[in-house]
Amino acid sequence: MDILVLFGTFILLVILTIPIGYAIGISTLVTLVFFTNMPLALITQNAITGVDSFPLMAIPFFMLAGNLMSIVDFCDTLLGWITGGLAIVTTLACMIFAAISGSAMATTSAIGGFMIPEMTKRGYDKAFSASLAASAGTIGVIIPPSIPFVIYAVVTNQSVSDLFIAGILPGVLMGVALIVVCVIVSKKEGYQTTGKCPSLRDVWKSFKEAFWALMTPVIILGGIYSGKFTPTESAVIAVVYCVIVSVFVYKEFRLVDVYKSLYDSINVNGMTTFMVGFSMAFAAYLTMEKIPARIAAIILGVTDNRILLLLLINLLLLGVGCLIDNIPATIILSPILLPIVTNLGMTPIQFGIMLTMNLAIGFVTPPYGIDLFVASAISKEPMSRMIKPTLRFILSLLVVLMLVTFVEPVTMGVLHLMGK
């Protein structure tokens, strides 16, 4: 009964459009009051303890670094001349930006903001352009650094660095899958290209101009993987580097622009921290009442076939991703599903990638579909026209999801090569 009240209250509040953070806190409060003798101080204690985490400090800094850089011109010089070139450029730009921002929404808004108008100007269908920007934005939470990976690592006590390493290949495969769709659609629709193959001189000139921007992910990831500094420290260093390069080298930003980026990042981080705090209290109650084990027993009672169970879990996560934001979903579902998948032979790191990818696909699936909303707002294209082209991209992402779920080397291969 307590499970029904806990999740029923949460779902009801979400339907009533109560903010997720409040919905999590209130549903926990209601369940504690009516079904336990636990002190209500449990909520505040776990909320404060939950956000008292050094890795969580990386989130606002990764977001801020992502707000200050772009490298589209270099990608356009390399690939703008081939069939579907500008669509490929958009995807690659999102992949590189993902290695800076760690956020799907930031990736969609930053790259889509100038690539959607540019693609439309060159003859691409506006709905296709907006759908691509939204779909490629999902890579923002898979290619490291990734804000959801940091959240998952904190909740499940896993290594942030290991998750970052494991996310590289799946993120690249997502980009490749989207590029394949771009090329096929571009050939079918006859989308134009720049028509001019760049010379080595053009490539070198473009590379030199983009060099300082391209160094940002090198600093972030290189520092983490070399052990020189933690993900949080690397994020802070990246912000300082981005400010210096943006203001004094590229001279694209004034100090007032830096202030605006800082202000936006603080606002989003405030909302994230609020959700994380109450979600930790929610998760603590789940653990104490052994609710994950009870739910696991229900799921395992459906079938003992490993493949069917993993498919059911994927369907559950895809459904949740349509309704709830990535971060609270990660905090709520991780302690519930992790014991199940580990019993099925999946490592916690592999599950972290699978979980995040499922929820990331939710960024482009209504009714939540935050990336779709962002791309629609940028392009002024109604979401109804974006659904059909988006489905093509979702299907390609689902293929990669199946590889992540059933082919362990896709996530763990690089870690094994590194002796981890």
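All values below come from the heavy atoms of this structure, side chains included, with hydrogens, waters and symmetry mates left out.
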**Request:** Report, as yes or no, whether the 6.0 Å neighbourhood of atom CG on Asn305 holds more than 12 heavy atoms from other residues, nucleotides or ligands.
**Result:**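 Yes, enclosed.
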**Message:** How about CD1 on Ile307, more than 12 heavy atoms from neighbouring residues, nucleotides or ligands closer than 6.0 Å, or not?
**Reply:**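 Atom CD1 in Ile307 is not crowded, with 12 or fewer foreign heavy atoms closer than 6.0 Å.
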Return the minimal non-hydrogen interatomic distance between [X] and [Y], and the atom names on each side.
X      : Y      : result
Thr138 : Ile142 : O-CG1, 4.0 Å
Ser27  : Thr31  : O-OG1, 2.8 Å
Cys182 : Leu132 : SG-CD1, 3.6 Å
Ala375 : Met386 : CB-CE, 3.9 Å
Ile168 : Pro144 : CG1-CG, 3.7 Å
Ile353 : Leu163 : CD1-O, 3.8 Å

N/O donor-acceptor pairs under 3.5 Å from side chains in residues 89-98, not counting sequence neighbours:
from: Thr90; atom 1: OG1; to: Leu86; atom 2: O; distance (Å): 3.0
from: Thr91; atom 1: OG1; to: Ala87; atom 2: O; distance (Å): 3.1

Point-to-point distance, once rounded to the nearest 0.5 Å, from [atom1] of [X] to [atom2] of [Y]:
X      : Y      : atom1 : atom2 : value
Asp162 : Phe149 : CG    : CZ    : 11.5 Å
Asn326 : Ile147 : CG    : CD1   : 10.0 Å
Lys121 : Met115 : NZ    : CE    : 10.5 Å
Asn358 : Ile313 : CG    : CD1   : 10.0 Å
Ile179 : Leu173 : CD1   : CG    : 11.0 Å
Ser146 : Ile139 : OG    : CD1   : 12.5 Å

Let me have the donor-acceptor pairs involving side chains of residues 395-415, under 3.5 Å, with sequence neighbours excluded, atom names and distances please.
from: Ser396; atom 1: OG; to: Phe393; atom 2: O; distance (Å): 2.6
from: Thr405; atom 1: OG1; to: Asn314; atom 2: ND2; distance (Å): 3.3
from: Thr405; atom 1: OG1; to: Leu401; atom 2: O; distance (Å): 2.9
from: Thr411; atom 1: OG1; to: Glu408; atom 2: O; distance (Å): 3.1

Hey, are the side chains of [X] and [Y] touching, using non-hydrogen atoms and a 4.5 Å cut-off?
X      : Y      : value
Val141 : Phe363 : yes
Pro348 : Thr156 : no
Met357 : Pro170 : yes
Thr365 : Leu372 : no

**Message:** Closer than 3.5 angstrom, by distance alone: can the side chain of Ser334 be matched with the main-chain N or O of Ile331 as a donor-acceptor pair?
**Reply:**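 Not at all, since once roles are kept as given, no pair shorter than 3.5 Å links the two residues.
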**Prompt:** Counting only N and O atoms by type, is there a donor-acceptor contact under 3.5 Å from the side chain of Ser186 to the main-chain atoms of Val183?
**Reply:**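 Checking the backbone N and O of Val183 against the side chain of Ser186, no donor-acceptor pair under 3.5 Å is found.
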**Asked** Should Leu178 and Ser135 be marked as a side chain to side chain contact (heavy atoms under 4.5 Å, CB included) after you check the CA-CA gap, both sets of side-chain angles, and the distance that decides it?
**Response** CA-CA 8 Å; Leu178 294 177; Ser135 301; 4.2 Å; yes
**Message:** Could you walk me through whether Phe128 and Met119 satisfy the side chain to side chain contact (heavy atoms under 4.5 Å, CB included) test, starting with their C-alpha distance in whole Å, then the side-chain angles of each, then the deciding distance to 0.1 Å, before giving a yes or no?
**Reply:** CA-CA 9 Å; Phe128 171 82; Met119 289 179 68; 4.0 Å; yes
Please output the side-chain donor-acceptor pairs of residues 338-347 that fall under 3.5 Å, not counting sequence neighbours, one pair per line with the distance.
from: Thr342; atom 1: OG1; to: Leu338; atom 2: O; distance (Å): 2.9
from: Thr342; atom 1: OG1; to: Pro339; atom 2: O; distance (Å): 3.0
from: Asn343; atom 1: ND2; to: Pro339; atom 2: O; distance (Å): 3.1
from: Thr347; atom 1: OG1; to: Gln350; atom 2: N; distance (Å): 3.1

**Asked** Any chance the side chains of Asp125 and Ser129 put a donor and an acceptor closer than 3.5 Å?
**Response**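 There is no such pair between these side chains.
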**Under 3.5 Å side-chain donor-acceptor pair for Thr390 and Ser131** =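 Per modelled atom types, Thr390 and Ser131 side chains form a pair under 3.5 Å.
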